[in-house]
Each structure stands twice: as C-alpha cells, then as structure tokens.
Engineer: 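Quick one: the structure is below, questions incoming.
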Amino acid sequence: MTDRPHLTLLRLPSWLGPALTEEIRLDLAPECYVLSTRGERVRIVERDSGQLVYAGIGPVEIVAADAARRFQPKDPS
C-alpha cells in the first residue's frame, strides 16, 4: 500500500438509501477519468490506461478531493 495523495473522489449511491452516498478515493486527477453511461449503468475508466475503475449503478460524481474536503474551522487560540 502506498501513501500517495488522493486527488479525486468518486461519489456513488449507497445501498443504505437514496439520501446517502459512498466515496472511493482515486489517485489521479479528475480529468484522467472517462465516464460513460448506458441507462442507469455507469462505467469509469482511466483515460490513458483504459483500466476499469467502476462499473455499476449511477448517478456518480467525480470530484477533486480539495473541493470535497469539509470545512475545518481554525482553532481561535
């Protein structure tokens, strides 16, 4: 296992219900992935290698990890 930074998050529906999502950390930048759909089915592959990253139900969202970080208030002291 490596300690590479995760540049991208793949958000997908959770089996726990429609109001929840799950996240998969991805190692490459968002533009390095290609998303295709057929009906409700989604496939995501790495653009350069063609390696399959995800195949399943949608909707999904590919977001930059920096944009997805939750606000962390600074310690006022």
Side-chain angles (χ1 to χ4, degrees):
M1 191 163 179
T2 65
D3 286 334
R4 293 186 301 185
H6 297 288
L7 301 175
T8 304
L9 296 174
L10 169 60
R11 290 188 179 142
L12 51 130
S14 172
W15 62 273
L16 295 173
L20 301 173
T21 59
E22 296 184 21
E23 293 181 344
I24 298 173
R25 292 185 257 177
L26 304 174
D27 293 329
L28 303 175
E31 60 271 12
C32 296
Y33 298 95
V34 177
L35 183 143
S36 61
T37 60
R38 180 177 286 171
E40 291 185 12
R41 304 295 296 178
V42 176
R43 285 178 53 92
I44 298 174
V45 297
E46 286 185 9
R47 183 178 305 278
D48 291 339
S49 70
Q51 179 180 355
L52 180 65
V53 174
Y54 175 78
I57 61 168
V60 300
E61 182 180 23
I62 298 173
V63 295
D66 287 342
R69 286 193 182 126
R70 296 189 179 178
F71 174 72
Q72 297 292 325
K74 293 184 179 178
D75 185 3
S77 55

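What you are looking at is a predicted structure, and each value in this text was computed from that prediction instead of being measured.
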Engineer: For residues Leu35 and Thr37, report the shortest heavy-atom separation together with the two atoms involved.
Structural biologist: CD2-CG2, 3.8 Å
Engineer: Of the non-hydrogen atoms in Pro13 and Gly58, which two are nearest, and what is the gap between them?
Structural biologist: CG-O, 3.5 Å
Engineer: So, using side chain to side chain donor-acceptor pair (under 3.5 Å) as the criterion, who are the partners of Ser14 when residues are at least two apart?
Structural biologist: Glu22
Engineer: Let me check something: do Leu9 and Val45 share a hydrophobic cluster, defined by ILVMFWY side-chain heavy atoms less than 4.5 Å apart, either directly or through other members?
Structural biologist: no
Engineer: Could you tell me which non-hydrogen atom of Ala55 sits nearest to which non-hydrogen atom of Arg43, and how far apart they are?
Structural biologist: CB-CG, 4.3 Å
Engineer: Rounded to the nearest 0.5 Å, what separation is found between the OG1 atom of Thr21 and the CD atom of Glu61?
Structural biologist: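 Those atoms lie 8.0 Å apart.
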Engineer: Establish whether Leu20 and Trp15 are linked, either directly or via other cluster members, by ILVMFWY side-chain heavy-atom contacts under 4.5 Å.
Structural biologist: yes
Engineer: Going from OG1 on Thr8 to CD1 on Ile24, what distance comes out if it is rounded to the nearest 0.5 angstrom?
Structural biologist: 12.5 Å
Engineer: Hey, could you give me the CG/CZ distance between Leu10 and Arg25, rounded to the nearest 0.5 Å?
Structural biologist: 13.0 Å
Engineer: Closest approach of Val42 and Ile57, non-hydrogen atoms and distance?
Structural biologist: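 Shortest heavy-atom contact: CG2-C, 4.3 Å.
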Engineer: Of all heavy-atom pairs between Glu23 and Arg11, which one has the smallest distance, and what is that distance?
Structural biologist: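 So the minimum-distance heavy-atom pair works out to OE2-NE, 2.8 Å.
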Engineer: So which atom in Tyr33 and which in Asp27 form the shortest heavy-atom distance, rounded to 0.1 Å?
Structural biologist: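 Closest pair (atom of Tyr33, atom of Asp27, distance): OH-N, 3.6 Å.
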Engineer: What's the spacing between Leu7 CG and Leu26 CG if we round to 0.5 Å?
Structural biologist: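 The distance works out to 9.5 Å.
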